[in-house]
Amino acid sequence: MTDTSSSTDHRSTADLISSAFQHVNGLVRGEISLAKAEIQESMKYMLAGIGMMAAAAVMVIVSLNVFAAAIVAGLTEAGLHPGWAAFLTGVFFLVAAGILAMIGKKALDPENLMPTRTARNVRRDAETVKEATR
């Protein structure tokens, strides 16, 4: 009878170890899935940032070609020297382009693209495992 209970104890220990490995495996798979989801979300932000930068470039080109002449003409009609009118118009469009570029750059900031939830969960899981093994 002693052999049977010893065999049962080994089997339950093996079952416990197997169960622990299954839980760890499930945890790792869950974290990988979360990381993938966060990376996909970050890619959306990155693409939005790239879109903003492209839009800024298009706006600069189109605006300088279409509206610059109209603004210069309007300022000249208002009594400003044509050279100063052209200069002020150029400054205005450069400021607008700079603002759009800064918004786009902020969207591409690596901190905004990092999978922070996954990193936080992995740290928490590691701490939990450390505490459980003590």
Side-chain angles (χ1 to χ4, degrees):
M1 265 193 157
T2 308
D3 288 340
T4 305
S5 66
S6 174
S7 172
T8 303
D9 287 344
H10 280 343
R11 193 174 320 145
S12 65
T13 301
D15 287 343
L16 287 173
I17 291 171
S18 174
S19 176
F21 279 122
Q22 287 174 353
H23 286 297
V24 169
N25 187 24
L27 181 66
V28 169
R29 286 179 190 231
E31 294 300 336
I32 289 172
S33 294
L34 179 60
K36 285 180 182 179
E38 281 191 89
I39 289 170
Q40 286 175 346
E41 186 176 326
S42 295
M43 291 296 288
K44 289 178 187 177
Y45 286 119
M46 184 177 73
L47 291 174
I50 290 170
M52 289 274 198
M53 300 283 276
V58 169
M59 287 181 67
V60 166
I61 292 168
V62 171
S63 296
L64 287 175
N65 286 325
V66 176
F67 297 116
I71 293 172
V72 169
L75 291 174
T76 301
E77 289 275 331
L80 197 59
H81 186 274
W84 282 110
F87 175 77
L88 291 176
T89 302
V91 168
F92 170 76
F93 284 116
L94 285 177
V95 168
I99 290 169
L100 286 173
M102 288 182 354
I103 292 170
K105 183 180 178 209
K106 187 173 183 178
L108 296 175
D109 187 9
E111 282 186 14
N112 295 333
L113 302 176
M114 293 295 293
T116 55
R117 289 181 294 179
T118 301
R120 184 176 55 242
N121 286 348
V122 167
R123 280 193 297 271
R124 186 187 68 222
D125 294 342
E127 289 174 12
T128 303
V129 169
K130 282 182 186 177
E131 288 178 18
T133 58
R134 288 181 187 173

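Note that the coordinates shown come from a computational prediction; the quantities given were computed from them, not determined experimentally.
Residues passing the side-chain contact (heavy atoms from CB on, under 4.5 Å) test with A68, sequence neighbours excluded: T89, F93. With sequence neighbours left out, Y45 forms a ring-ring contact (aromatic ring centres under 6.0 Å, His included) with no residue at all.
Side-chain heavy atoms closer than 4.5 Å link hydrophobic residues (I, L, V, M, F, W, Y) into clusters, and following such links, possibly through other members, connects V58 to I103. No path of Ile, Leu, Val, Met, Phe, Trp and Tyr side chains, each step under 4.5 Å between heavy atoms, connects F21 with V28, placing them in separate hydrophobic clusters. Both V95 and W84 are assigned to one and the same hydrophobic cluster, defined by single-linkage of ILVMFWY side chains at heavy-atom distances under 4.5 Å. One hydrophobic cluster, built from ILVMFWY side chains closer than 4.5 Å, cannot hold both L47 and M102; they sit in different ones. Transitive grouping of hydrophobic side chains (ILVMFWY, heavy atoms separated by less than 4.5 Å) brings L80 and F87 into a common cluster.
For the pair E38 and L34, the minimum side-chain heavy-atom distance is below 4.5 Å.
Taken from NZ in K105 to CE in M52, the straight-line distance is 16.0 Å, to the nearest 0.5 Å. Taken to the nearest 0.5 Å, the CE atom of M43 stands 7.5 Å off from the CD1 atom of I50. In this structure, OG in S42 is found 11.5 Å from CG in L108, a value given to the nearest 0.5 Å.
The side chain to side chain contact (heavy atoms under 4.5 Å, CB included) test with L27 singles out one residue from R29, H23, E31, and that residue is E31.
Taking all atoms of both residues into account, the shortest heavy-atom contact from L75 to A85 is CB-CB, 3.5 Å. Minimum heavy-atom separation, A56 to A97: CB-O, 4.5 Å.
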